[in-house]
Amino acid sequence: MHWINLNTIAVAFLQATALGSARSLWSTQPATYAPQSSDETILKTTYPVGNGKLGAMPFGPPGSEKLALNVDSLWSGGPFESSTYTGGNPPSSKAGALPGIRDFIFKRGSGNVTALYGSGDHYGSYRALGNISIAIGHGTLYSDYNRTLDLDRGLYTTTYVVDSVKYTTNLFCSYPAQACFFNIASTGTVPKTTVKFEDLLVDTILAKSSCSNEFARLSGTTRAGPPAGMRYEARAKGGNGANTSCSDDGTLTITPSGGSNSLTIVFSANTNYDQKKGNAQNNYSFKGEDPGPGVEAAVLKAAKTTYEDMLSQHVSDYAELFGTFTLNLPDPNGSVKKDTASIISQYSVDGKGDPFVEGLLFDYARYLLIASSRDNSLPANLQGRWAEQLSPAWSADYHANINLQMNYWAADQTGLTKTQPALWNYMQDTWVPRGIETAKLLYNASGWVTHHEMNIFGHTAMKDEAIWANYPASAAWMMQHVWDNFEYSRDVSWLKTQGYPLLKGVAKFWLSQLQHDAFFKDGTLVVNPCNSPEHGPTTFGCAHFQQAIHQVFEAVLASGEFVSETDTVFKRDVASKLASLDKGLHFTTWGGIKEWKVPDSYGFDTKNTHRHLSHLVGWYPGYSISSFQGGYTNSTIQKAVAETLKSRGPGNAADANSGWEKVWRAACWARLNNTAEAYYELRYAIDMNFASNGLSMYNALSAPFQIDANFGLAGAMLSMLVVDMPQKHGETGDRTVVLGPAIPAAWGDGNVKGLRLRGGYSVDFAWDANGKVNKAKLVGSGKPLKLYNVDGKVL
């Protein structure tokens with residue numbers, strides 16, 4: 001352990017703990033739902049809960065609350081819908097078209113890849129399961145209503161008064177129990193309570209709500225077949241020996257035993273999707289066992305345990321993750337005393353911001369990641385774990401050209417490593433098996449490849465006539481997350497067994513695809529064909545591809561210190577091609593970073609305000625430009641990045657006005673140490689895209705909900721707090737970490753505890769009233785590093 005200029009830092013941390021109770025969202029109005037209005041969704045007012053696999057969204061008045069339910073694997077499409085589903089792959093090789101495509105592009109500067117198109121048939125969509133209705137048998141006139149989402153404990157609570165009796169309900173989804181709990185407590189006897197599943201979204205032929213004397217039950221399939229669709233099952237039960245009775249319409253009535261003042265309802269759900277059966281050995285079926293027995297067993301087990309024990313177990317498990325990191329920001333406006341909807345609605349980009357709101361949304365992002373991604377679940381999708389429709393926008397799938405990446409921006413640095421096995425397992429089990437086929441059929445390549453729209457059934461190919469989905473660098477970009485996970489966790493066992501095999505497979509694919517630049521004839525290796533995600537022409541040497549591959553090759557070589565790679569030919573090939581690789585860093589005539597290698601005279605690299613910043617991936621969130629090519633300390637590169645960001649605008653162009661593009665811009669400005677621009681973009685995102693319950697909406701404040709900006713906001717704020725980039729493989733000397741590159745004065749006298757650094761370290765630090773870091777404590781051991789503040793002062 002290294003102690004650095006401690007002084008009064010301990011006092012600062014003790015004072016900051018007084019803000020612990022502020023980590024909550026609250027309202028004096030129930031969450032509402034107006035289905036007659038397409039823009040009035042549950043997701044604009046609810047406070048969601050989840051345990052990774054299960055998600056619930058409470059809404060409605062007290063005593064008649066409903067919970068909109070989700071389970072991670074409930075999808076339409078795939079092999080559950082078509083017995084000939086191929087993940088979009090063609091029936092025979094299309095790779096013979098590649099030489100002609102490449103030759104045309106090298107001669108003309110651009111071309112197309114229509115000859116490689118796959119199929120989007122039966123792609124499917126994530127979907128809601130249904131509602132559970134919980135009706136408490138008291139009057140409808142209530143007072144003193146409050147609902148709170150406690151981010152420190154992962155607990156949703158409502159309190160209200162009916163006929164002079166105070167009621168308190170608690171809702172949480174427990175990872176240890178793999179079930180959710182709804183507890184009713186009162187200052188008198190809890191009245192009879194009814195529970196019923198409602199599947200209001202599908203034909204009754206496909207779903208049936210029923211009950212027995214013990215359970216309320218919802219069972220169904222996503223289609224009638226053949227083939228029969230995915231099966232799903234949800235069950236609810238009264239806990240702690242409550243008395244139950246059942247009616248023909250599927251309503252379960254629960255009466256607390258002995259006039260108790262507490263009643264618990266336990267519920268859970270699952271499907272017959274099995275991620276481990278998405279490979280050739282299992283005929284890519286993804287079909288597992290009947291979910292009913294497992295759901296019943298989980299509910300029965302949880303119901304036999306006291307509510308107090310279940311709550312304690314849940315809080316302990318959740319706090320083990322959430323409590324690993326603390327960001328304390330000031331509350332100059334007394335926002336802690338105001339309800340969440342008020343402080344968000346009053347928030348304005350044109351003002352001074354509100355550090356309390358910013359800190360609250362940072363904590364909310366970490367809560368949402370814990371609630372939507374655990375080691376036995378699928379990773380967080382475009383809506384995290386919370387959808388209210390059968391066909392959410394963009395299928396609520398996995399867009400891997402910024403959105404999926406952004407979902408996990410804050411995981412490593414804030415101690416949420418345990419949320420990421422969902423991501424690694426998903427890639428290993430669904431991307432790799434079909435991705436090996438895609439690599440062979442489309443590119444005649446070894447290794448594996450994916451494109452950017454992915455479902456849970458291994459859709460790794462291009463889609464037909466969908467130029468936005470014809471992007472084969474998604475897996476290469478995701479390998480940054482694989483390497484970062486190792487850099488922060490230093491889990492050598494994981495690297496050997498899972499991380500490095502993923503890296504190697506992607507590296508092998510790109511080794512086979514690099515071409516000598518036949519346009520410039522400059523001796524470099526480039527990708528042909530390539531594109532910039534959702535933007536511009538199909539061409540060669542796209543900056544985004546070159547930067548992502550640069551990082552993959554560097555990670556493979558850096559792994560050599562920890563992994564005993566016996567394939568010497570592979571290692572030599574990576575090193576050799578890395579030396580000749582075009583690194584994707586060229587400059588436009590107007591002073592920005594080029595997005596495409598072709599000359600500016602082709603008209604591709606004109607100034608524009610497109611939502612993506614794909615050619616800056618090596619600046620942030622990556623480091624091909626900022627670290628490996630020395631951009632962070634190079635004034636020429638810094639100026640070009642700044643010019644590029646100015647050209648792109650604040651993220652409100654005609655093509656989109658989404659939150660994710662604004663927080664990406666904030667993070668890029670922060671890496672330039674530009675506090676004013678970084679903080680402006682952060683404020684602009686909150687003002688324009690965050691609803692009254694703190695969830696981010698895609699197009700300004702209009703639906704749909706898209707969670708990436710929630711997660712990306714935390715990543716952007718981290719980039720304002722620290723610059724921590726890897727060294728090149730084989731590089732010696734102390735690594736440099738900058739604390740507080742872009743901390744605004746509005747955050748003055750704040751502090752951080754438990755921020756992870758590469759190499760297994762963590763750091764606690766505080767800053768003065770102007771945002772300059774002046775105190776730091778480094779914890780851990782490893783390769784030498786030096787801490788500086790933004791002024792270059794050694795800490």
Open item on the list: My understanding is that only residues two or more places apart in sequence, or in another chain, count here; which of them pass side chain to side chain donor-acceptor pair (under 3.5 Å) with Gln178?
Closed with: Asn376

- [ ] Report yes if the distance between the aromatic ring centroids of Tyr471 and His451 is under 6.0 Å, otherwise no.
- [x] no

TODO: Please list, chain by chain and in numerical order, all residues satisfying side chain to side chain contact (heavy atoms under 4.5 Å, CB included) with Glu296, sequence neighbours excluded.
DONE: Phe215, Arg235, Leu300

TODO: Identify, with sequence neighbours excluded, every residue that meets side chain to side chain donor-acceptor pair (under 3.5 Å) alongside Asn283.
DONE: none

Open item on the list: Holding to side chain to side chain donor-acceptor pair (under 3.5 Å), I want the full list of residues that pass it with Lys508, two or more places apart in sequence or in another chain.
Closed with: none

TODO: Apply side chain to side chain contact (heavy atoms under 4.5 Å, CB included) to Val432 and list each qualifying residue two or more places apart in sequence or on a separate chain.
DONE: Ile436, Trp448, Leu502

Task: N-O pairing of Asp429 and Lys276 below 4.0 Å - done: yes

Open item on the list: Given Gln420, which partner from the list Asp412, Asp484, Asp375, Asn425 fulfils the side chain to side chain donor-acceptor pair (under 3.5 Å) test?
Closed with: Asp412

TODO: May I have all residue pairs that pass salt bridge (Lys or Arg N to Asp or Glu O under 4.0 Å) and include part of residues 395-411, sequence neighbours excluded?
DONE: none

Task: Side-chain touch Leu787/Phe765, heavy atoms, less than 4.5 angstrom - done: no

- [ ] Please list, chain by chain and in numerical order, all residues satisfying side chain to side chain contact (heavy atoms under 4.5 Å, CB included) with Ala400, sequence neighbours excluded.
- [x] Leu404, Gln405, Trp431, Met454, Ser474

Task: Check: Tyr318 ring centre within less than 6.0 Å of Tyr175 ring centre - done: no

Task: Sequence-distant partners of Lys577, salt bridge (Lys or Arg N to Asp or Glu O under 4.0 Å), two or more places apart - done: Asp573

TODO: Just jot down the salt bridge (Lys or Arg N to Asp or Glu O under 4.0 Å) partners of Asp290, sequence neighbours excluded, or say none.
DONE: Arg231

TODO: Kindly state whether the ring of Phe562 and the ring of Phe486 have centres lying under 6.0 angstrom apart.
DONE: yes

Open item on the list: Under the rule for salt bridge (Lys or Arg N to Asp or Glu O under 4.0 Å), what residues qualify as partners of Lys583, not counting sequence neighbours?
Closed with: none

- [ ] Applying salt bridge (Lys or Arg N to Asp or Glu O under 4.0 Å), name anything that partners Asp724, two or more places apart in sequence or on another chain.
- [x] Arg735

Task: Test: Arg366 and Asp363 ion pair at under 4.0 Å - done: no

TODO: Look at Lys783 together with Asp734 and state whether they make a salt bridge at an N to O cut-off of under 4.0 Å.
DONE: no

Open item on the list: Going by side chain to side chain contact (heavy atoms under 4.5 Å, CB included), name the residues that satisfy it together with Ser719, two or more places apart in sequence or in a different chain.
Closed with: Tyr620, Ala667, Ala670

Open item on the list: Regarding Glu437 and Arg434, does a basic nitrogen lie under 4.0 Å from an acidic carboxylate oxygen?
Closed with: yes

